[in-house]
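From a predicted model like this one, the values you see are computed outputs, not experimental measurements.
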Amino acid sequence: MNYSDFLSKICRDMEKRYTKASVSIQPVLKNNSRRLDGLLILQPGENIAPTIYLNPYYTRYRQGSSLNDLLDEIADIYEAHRFPSLFDLSLLHDFNRVRDRICFRLINRASNLELLADIPYFPFLDLAIVFFFTLEDEIIGSSTVLIHNSHLALWGTTKEALFSLAKTNTPTLSGHELVPMERLIFPDVQKECLSSHSTTDLFVLSNKNRLFGAACLLYKDLLPSFADMLRDDFYVLPSSIHEVLLLPVKKSPPPNSLLEMVQDINRTEVGPEDVLSDHIYLYQARENRLGIVLLAGYSNPQKSFMGQPIG
């Protein structure tokens with residue numbers, strides 16, 4: 001069964017199980033231009049539905065999973081996450097009700113050209129600063145909503161206003177955590193004993209919920225404070241959209257080695273939707289600038305600097 005037939009089969013089965021529901025499959029453009037197909041089952045009296053992405057189910061089907069077992073699992077997931085009452089959609093229309101929840105995140109610019117054509121953003125090095133707001137509701141729980149150009153028109157506001165709000169809201173709502181890597185590897189080891197277990201000079205920077213934590217790079221005064229503590233400039237390695245790694249220059253291997261490491265991890269360890277960048281960055285404390293390290297070939301450690309002010 002090819003993928004198109006698989007999607008049709010899922011739809012037909014769900015229509016038989018939920019005879020009064022509207023069943024459809026909607027294409028969804030995710031981060032880094034990843035396209036997924038989401039199953040929507042909307043019952044009478046409901047105005048929102050969970051999105052169940054079918055792509056991984058087809059992979060499992062191709063690997064030998066029973067189609068009936070997959071259909072039962074999809075139905076179980078739908079039942080566990082359906083919203084059996086009307087959601088107050090006016091929340092999405094009232095800017096005053098979301099303004100204190102507007103935050104920013106970082107995504108790769110070149111990998112999201114189609115998405116960026118439809119959303120407000122600001123360029124930042126090879127990245128883009130984009131905006132979302134959080135929802136906390138008894139029906140849907142906690143979720144995030146990416147802000148599109150249509151939101152700006154609906155709210156009668158600008159991307160500059162979003163950025164101004166996000167610069168305050170994001171650190172307030174998400175906070176940050178900046179800890180040595182060994183604290184994550186040996187969480188139960190007392191601080192005074194860490195030196196005997198030290199495995200790296202890397203520091204991990206993320207937010208408290210580790211969701212879109214790479215945006216902590218944009219926090220005012222965070223990078224300068226870290227440089228003051230180190231008494232050194234430092235490299236920023238984009239681990240994912242959720243966290244970055246910081247490494248003092250004086251304790252670092254050659255930048256070409258760092259670049260190869262980041263690119264290898266992006267290909268083998270990080271999910272396609274979570275990749276942030278194939279570049280490495282350098283923070284220069286004297287200029288308070290974060291920039292892309294541009295290498296003239298992997299064998300040449302000579303680097304040039306394309307920087308942007310922080311804060």
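- At least one donor-acceptor pair closer than 3.5 Å links the side chain of D232 to the backbone N or O of K250.
- Taking every heavy atom of both residues into account, A75 and M14 meet most closely at N-CE, 4.0 Å.
- Put simply, the side chain of L162 reaches to within 4.5 Å of the side chain of L152, judged on heavy atoms.
- At least one donor-acceptor pair under 3.5 Å links the side chain of H242 to the backbone N or O of F212.
- By the rule that hydrophobic residues join a cluster once side-chain heavy atoms approach within less than 4.5 Å of another member, L146 and L165 end up as members of separate clusters.
- The aromatic rings of F131 and F122 sit perpendicular to each other, their planes meeting at more than 60°, with 30° as the lower class boundary.
- Side-chain contact between I265 and L237 is absent, with no heavy-atom pair separated by less than 4.5 Å.
- Annotation: cation-pi geometry satisfied between K167 and F163 (NZ/CZ under 6.0 angstrom from ring centroid, within 45° of ring axis).
- A salt bridge does not link E79 with R17: none of the charged nitrogens is closer than 4.0 Å to a carboxylate oxygen.
- Taking every heavy atom of both residues into account, L217 and V236 meet most closely at CD2-CG1, 3.9 Å.
- Looking only at atom types and distance, the side chain of N108 has no donor-acceptor partner in the side chain of N32 under 3.5 Å away.
- With hydrogens and angles disregarded, a donor-acceptor distance shorter than 3.5 Å links the side chain of S8 to the backbone of S4.
- Side-chain contact check for S111 versus V275: every heavy-atom pair is 4.5 Å or farther apart.
- Note: the hydrophobic cluster containing L29 does not contain L36 (ILVMFWY, side chain heavy atoms under 4.5 Å, direct or indirect links).
- Side-chain contact check for W155 versus R99: every heavy-atom pair is 4.5 Å or farther apart.
- In this structure, R34 does not pair ionically with D274, as no charged nitrogen and carboxylate oxygen lie closer than 4.0 Å.
- Here the closest non-hydrogen pair linking D278 and Q263 is O-NE2, 3.1 Å.
- Listed here is the closest heavy atom pair of A214 and S240: CB-O, 3.7 Å.
- Checking side-chain atoms of S65 against main-chain N and O of R60 turns up a donor-acceptor pair under 3.5 Å.
- The two residues R101 and T134 have their closest heavy-atom pair at CD-O, 3.1 Å.
- Looking at N207, its side chain does come within 3.5 Å of a backbone N or O of L211 through a donor-acceptor pair.
- Of all non-hydrogen atoms in T51 and G38, the two that sit nearest each other are CG2-CA, 3.7 Å.
- One distance of note links CG of L276 with CG of N266; it measures 8.5 Å at 0.5 Å rounding.
- The ring pair (Phe, Tyr, Trp, His ring centres under 6.0 Å) contacts involving residues 10-62 comprise Y3-Y58, F6-Y58, F6-Y61, Y18-Y78, where partners must be two or more places apart or lie in separate chains.
- By the salt bridge (Lys or Arg N to Asp or Glu O under 4.0 Å) test, K251 pairs with D201, sequence neighbours left out.
- Ring orientation note: the planes of F104 and Y219 are tilted relative to one another, at an angle of 30° to 60°.
- L70 has its side chain out of reach of I10: every pair of non-hydrogen atoms, C-beta onward, lies at least 4.5 Å apart.
- Note: the hydrophobic cluster containing F234 also contains L218 (ILVMFWY, side chain heavy atoms under 4.5 Å, direct or indirect links).
- Here the two rings, on Y283 and F226, have centers that are 6.0 Å apart or farther.
- Between L54 and I74 the shortest side-chain heavy-atom distance falls below 4.5 Å.
- A donor-acceptor pair under 3.5 Å is absent between the side-chain atoms of N209 and the main chain of S174, judged by distance alone.
- Note: the hydrophobic cluster containing V145 also contains I129 (ILVMFWY, side chain heavy atoms under 4.5 Å, direct or indirect links).
- Checked against side chain to side chain donor-acceptor pair (under 3.5 Å), D118 has the following partners two or more places apart in sequence or in another chain: H148.
- The closest donor-acceptor contact from the side chain of N112 to the backbone of N31 lies at 3.5 Å or more, if one exists at all.
- Each of S24, P50, S22 was evaluated against L40; a single residue qualifies, S24, per the side-chain contact (heavy atoms from CB on, under 4.5 Å) test.
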